[in-house]
Each structure stands twice: as C-alpha cells, then as structure tokens.
Amino acid sequence: MMTFSTFFLSSTATTYAVATVLSLSLGMFVYRLAFDPLKKFPGPVIARFTDGYAGYHAIRRRLHLQTSSDLKAYGPVYRQGPNRLVFNTVTALQDIYLNPKVTKARAYKYSSLEGQENLLSTLDRQRRRQKRKVYGRLLSERALQAFEPTMHAETRVFLRQLLAVAGTDVPVNMTPLCERLVTDVSGLMAFGHALETQSKDDNRFLPRAMMGRLALANMFVAWPTLSILGMNKLVVWWNKAKFDAFRALLMRIVSTRMSLPKDAKVDYYSVATTQAVKTNDKSAEQNQQPLSSPESMKELWGEATFLVPAGGMTTSGALTAVFFYLSRNPAAYARLASEIRTTFSSAKAIQNGPVLASCTYLRAVIDESLRLSVPTTSMPWRERIYGEEAANDPAASSEPFIVDGHVIPPGTMVVVNTYCIMHNEEYFPDPFAFRPERWLAEDGEDEKTFQLRRRAFVPFGTGEAMCLGKGMAYLETSLVVAKTLWYFDFYRAPGAAGDLGGGATVKTGKDPARGRVDEFQLYDGIVSDHDGPGLVFTRRSGDAGWDDLLDSQSCDAVLVS
Ligand code: HEM
C-alpha cells in the first residue's frame, strides 16, 4: 500500500515533471512565435512547432499534393516544419542545388530503415563522391551499350506477355507488368542476377516490398521524431516476415555474386571492385581485399537496397505514366504510333542510336509524362554545409546563404519539390494538360520562355546528387514504349478497369487533390507508387514481323481483376 510519504513524494515528482514539460512547451511556444528566425515565413501554424504536419501527409502518401496546395495558399516560399522551407522557382533551384556550399540535409539519414548505409543515406561528401564515381562508371554510356542486349531480352519477355492477351479484351494492369520488367533489368544490372519476376512467382513479392520500404523511408525523412522515438524499429518488428524475406533475397543475390570472379559479369559488383583497384585508392583497395568479410557483404547489401529500387521502380513509374497518358490522349497516341512505325523497318531495328534519337515526339511524350507524374515526388532536402566541413571553410560560413532573395538561417532545410515546380503555371501554362508539344517548341514560342521551361523540368533532380541513371531511364523507357507500339495498339479498358490509375476513383477516395480523372495518381514515397493504367491490347494492323515474338514460351500476364 502506498504510504502518505511515498504518495507525497511521487505526487511532488509528478507535479515537477508536469511543470517542467509545461514551461518547456510554453518557452518553445513563445520562442516560435516571437524569436524564431523563420517566423517571417508564412505557412500552417502547426508546422512552426512540429514536422508532424509534413509527417501526417507523408503517412497518407500525399505530401506532394499538400505541398502543391500550400504553395498556392502561401506563395512561392512557405514553412513546412520548424526548420524547413519550401521554394518553387527556377532561381531557387539554382540557389539551392547548384550552390557548392550546400549539401544533402541530415534528415536523409532517416531513410535508412535497418541502419544500412547506401548512396541515398550517405551524408559525408567525400564518401558520396567515391560512391557516385562507382555508379557513374556502372551507368556510363559505354556500360549501357554493353548492357543493352539484356534490356532487349527482358523487353521481349514483357512483349510476349502482351501478345498472350492481345485481342482477348482482357484488361491488363500495367503497374505489376512494368514493375516486374524493370526489377528484372535492375537485378541483372546490379548483381548480374536473374530475378525472373516476369516469368516466375518466387521473387514477385520484391517490387511491392521495395515500394513499401520506400514509403516508410519517406515518412521518416519527413518526420524524423518518429525514427528518434524508435518507430522504425517497431515497423521492422511489426513487418518482420516481409523484412526478413526482402533481406534474405538481397543477401542471396549479393552472396551468389560474390562467389563468382569479379569479372564474370558486367554489373555493379564488378565495377565497384575494379574501381577500387583503378583509383589506386589505398582505403578502397583495403576494402576490396576482404570482400567475403561480413563488412563488405553488409556494404553491398546496403547499396543493393538503393540500387535495385533506384534502377527499377523509378523507370516503372515513367513507363506506366507514358502508357496512362497515351491511352487517354488519342491525338498524341496517333502521332507517336505513326512516328515509330514510319521511322523503323522492324522491331529489331529499334535500338539505341541516332535513329532512336531522331524520334523527337517519343522523347516529348516521355518528358511530358515525367513532368505530369514524376516518379520521385519526395522532397530532396538540402542545408548549408555544417560541422567539420563548415569549420574548415570559415569563408563559406561567413557568407550568407540566400535563396530567392531570402537569407536562410543556419540549420534550416530548404527544398524545391519536383512535382510542384513541374506544375508551376509560370513555367507550364495549363499545368495538368498532357501536351507533348510543349517540348517541341512548335507553337512559335520565344526561345527564352522555352529555355525557362527546360530549366524548370527537373524529374532527375539537379546538382551534386542528380540522377546518374538518366541515360538508362530514357533508353529503357524509349525501347519499351517504341517496341510496344511497333507490335500493338492499346486502349483504355472499358468500365472500372479503365479508370485505374486516374483520379476520383474508389481508390483515390474523396481527397479533393485527387479529383482529376485524367491525372495519373502518385502515392508519395522516396519513389512514388502508382496503380494501373488498365489497358486492352490488340495486334496492330500491318506487318509487324510477328515471327520474332511468336516463338513465345508460356506467358502469364497480369490481369485487372
Ligand atoms: C525515370 C526514371 C528515374 C527518375 C525520375 C529518377 C530520379 C532521380 C532523382 C530525382 C534523383 C535525385 C535525388 C536527390 O536529389 O536527392 C536521382 C538520383 C539518383 N538516381 Fe535516379 N531516377 C530515375 C532512374 C534511375 C535509374 C534507372 C538509375 C540506375 C541505377 C538511377 C540511379 C540514381 C542514382 C545513382 C542517383 C544518385 C543519388 C545520390 O547521389 O544521392 N536512377 N534519381
């Protein structure tokens, strides 16, 4: 039984605790309202006190939509968290991402769910440069040339699946189909591993598992307090079976590859190890020696958790967006189909080179789809260099950090969101309309306006963390779209199956920001998720040279249920 003295002591302790919390909260409240260096910036009141505002919308996978409507409400700069500012101009892009004294924000470290280190979560600039060098070699033009036959082979499997349903009126959900294609390409590029998700069931959980992880990572970057409170561990524990399966598969891929000689395949593994020797970098060489040690295994697995989704899920977003917009814009569809069918003489002739590059309408369709439904809606937060780096560069620290004419206080994170700037009416009039012609300068527009639009087009980011896979993404998307149009015609499926992927459907619910039926819907994540479109395929008229595909083994397309 509680004695009077223990009751008195505990109630006194409780009173002190409550009083302390209350005064700290009151102090914080007064500071945020009266003395906070960011107090002049507009924004939702709650965002002055907590990252929970952005976190809430990230959890609901609509942070890009909320950011877009907040920018309309508050103007071209607003405060999204206690130390976060969102901008939306091309000058801000330049001031932030092309400033050598600005670096990836510390919030990126929360993108690592299980403590693994990879290019995405690495903050040290020296280490990032080393890692980017390896990725740069893997994704160089020469390496892509060597890898192109693999892309063709995987695309053939994809086309065979379409062939199996062509003419049947059975609707195909393009999301799983495209995800499997790009996951297989990505697995081969990363570790020379045939995941075979297109043709077999075993590893088919992988694309969805990757998407789930990328959504969680995005949530923790938006609201780091969740991670600090250990929610990331709770999420991993709660989804143990899924995390274990994902980890086991990637570990298997990595260890299988490590058991082969490094030059057995042209992939990330061979490039990473060769790089260590070529650079004559002592530490890299030392790292290379114990490649079978757990340390290297851990490092490779960490990189795999970035590389496989970065190389795959992004391109799946691009492909599905192109299929969605083409199926809803008959004039653009007809012009592109004609371009492909008159430029090439056979499906085999569709390959990387000057002829593919001459398909300017194809490129315009891809760019307009990337603009409207960008595969990475996440916020690429940046901040001014800090810590040791800042200490070693006193000149940089003494210069003010200015974005769009605003002096940014130290420790503030700044961002331009790709979805928002690519829907900014100032650069893209009628921003939700699908108009590939924007990219062809066909409407007699002046050069200055056209160039400004190009500067605002940043689906691959800009600056020192800019995408290194841009060439691969354009090549893969161009090959798949061109070959599909070479063999087939496709249409929006009738009924509810045809609504898949657009706004104002059962899936998008009553969210007013998801009311545009002709906008391919994105679900915010480090890589944005999507579903659909639901399409019906037929063999196209004329001689498409079917022999190349007719030797097809059994196919297994993904139908809209
Ligand atoms: C349409 C497809 C793609 C889109 C829209 C896209 C978009 C992006 C964006 C926006 C970034 C910058 C992130 C930031 O600033 O924090 C990025 C970085 C990167 N992407 Fe892509 N990407 C695509 C395809 C690919 C492919 C196929 C690869 C191949 C592996 C790839 C590899 C990378 C790498 C290595 C980085 C650098 C990350 C860093 O330095 O932190 N991407 N990508």
Side-chain angles (χ1 to χ4, degrees), residues 64 93 96-98 102-105 107-109 111-112 117-125 127-140 143-144 147 151 178-179 181-183 185-191 210 214 217-218 221 267-268 271-272 303-322 363 366-367 369-383 413-419 421-422 457-481 522 525-528 530:
H64 60 300
L93 274 176
I96 297 171
Y97 296 92
L98 301 181
V102 169
T103 186
K104 261 186 141 172
Y108 266 99
K109 74 173 181 238
S111 65
S112 166
E117 195 212 68
N118 57 35
L119 180 56
L120 186 73
S121 61
T122 302
L123 296 174
D124 179 83
R125 291 223 274 183
R127 198 154 166 69
R128 283 186 46 71
R129 274 183 214 122
Q130 280 172 0
K131 282 178 184 275
R132 280 181 66 90
K133 235 186 215 171
V134 175
Y135 278 93
R137 275 171 57 96
L138 174 71
L139 298 162
S140 69
L144 269 188
F147 191 67
M151 281 191 199
C178 293
E179 275 180 359
L181 162 65
V182 295
T183 300
V185 170
S186 207
L188 288 162
M189 181 202 56
F191 295 102
M210 290 194 283
L214 290 164
N218 190 47
V221 172
D267 56 5
Y268 174 80
V271 173
E303 230 42 74
T305 61
F306 167 72
L307 180 54
V308 180
M313 297 299 101
T314 47
T315 312
S316 150
L319 280 170
T320 44
V322 170
R363 179 61 178 253
I366 295 173
D367 282 352
S369 306
L370 286 173
R371 180 188 77 76
L372 280 167
S373 296
V374 62
T376 53
T377 44
S378 66
M379 311 283 265
W381 292 104
R382 299 289 184 266
E383 59 182 300
M413 291 194 269
V414 286
V415 81
V416 175
N417 177 271
T418 47
Y419 176 88
I421 193 157
M422 293 196 294
F457 179 65
V458 282
F460 297 95
T462 179
E464 68 171 33
M466 189 185 169
C467 183
L468 291 164
K470 183 175 161 184
M472 177 174 174
Y474 272 123
L475 178 59
E476 202 174 350
T477 310
S478 304
L479 292 178
V480 174
V481 173
L522 303 172
I526 296 281
V527 175
S528 41
H530 44 84

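Since this is a predicted model, take the numbers as computed values, not measurements. Atoms within each ligand, like the ligands themselves, are counted from 1 in listed order.
Under 4.0 angstrom from ligand 1, the non-hydrogen atoms of Leu139 all belong to its side chain. Only the side chain of Arg382 comes within 4.0 Å of ligand 1, counting heavy atoms alone; its backbone N, CA, C and O stay farther away. Neither the backbone nor the side chain of Glu476 has a heavy atom within less than 4.0 Å of ligand 1. If you look at Glu464 next to ligand 1, there are no close heavy atoms at all, none under 4.0 Å. The residue Tyr268 has no part lying near ligand 1, judged by heavy-atom distances below 4.0 Å.
By the salt bridge (charged side-chain N to carboxylate O under 4.0 Å, His left out) test, Asp367 pairs with Arg363, Arg454, sequence neighbours left out. Partners of Tyr108 under the ring pair (Phe, Tyr, Trp, His ring centres under 6.0 Å) rule, at least two apart in sequence or in another chain, do not exist in this structure.
Ion pairing between a basic and an acidic side chain is recognised when a charged N comes within 4.0 Å of a carboxylate O; Arg132 and Glu464 show no such pairing.
The minimum heavy-atom distance between Ser316 and Val182, with the atom names listed, is CB-CG2, 3.6 Å. Considering every non-hydrogen atom in both Gly317 and His530, the closest pair reads CA-NE2, 3.5 Å.
Note on ligand 1: Arg128 sits in its first shell, one or more heavy atoms being nearer than 4.0 Å.
Taking 2.8 Å as the limit, the number of protein N, O or S atoms around atom 21 (Fe) of ligand 1 is 1.
There is no side-chain donor-acceptor pair under 3.5 Å between Asn218 and Ser378.
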Only pairs under 3.5 Å count here: list side-chain donor-acceptor contacts from residues 369-376, not counting sequence neighbours, and write none if there are none.
residue	atom	partner	partner atom	Å
Ser369	OG	Val365	O	2.8
Arg371	NE	Glu368	OE1	3.0
Arg371	NH1	Met422	O	2.8
Arg371	NH1	Pro431	O	2.9
Arg371	NH2	Glu368	OE2	3.1
Arg371	NH2	Pro431	O	2.8
Arg371	NH2	Ala433	O	3.1
Ser373	OG	Tyr325	OH	2.7
Ser373	OG	Phe520	O	3.1

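Regarding atom 41 (O) of ligand 1, its nearest protein heavy-atom neighbour is Lys104 NZ, 3.0 Å. Looking from atom 5 (C) of ligand 1 to the surrounding protein, the closest heavy atom is Pro459 O, 3.4 Å. At the top of the distance list for atom 37 (C) of ligand 1, counting protein heavy atoms only, stands Arg132 NH1, 3.4 Å.
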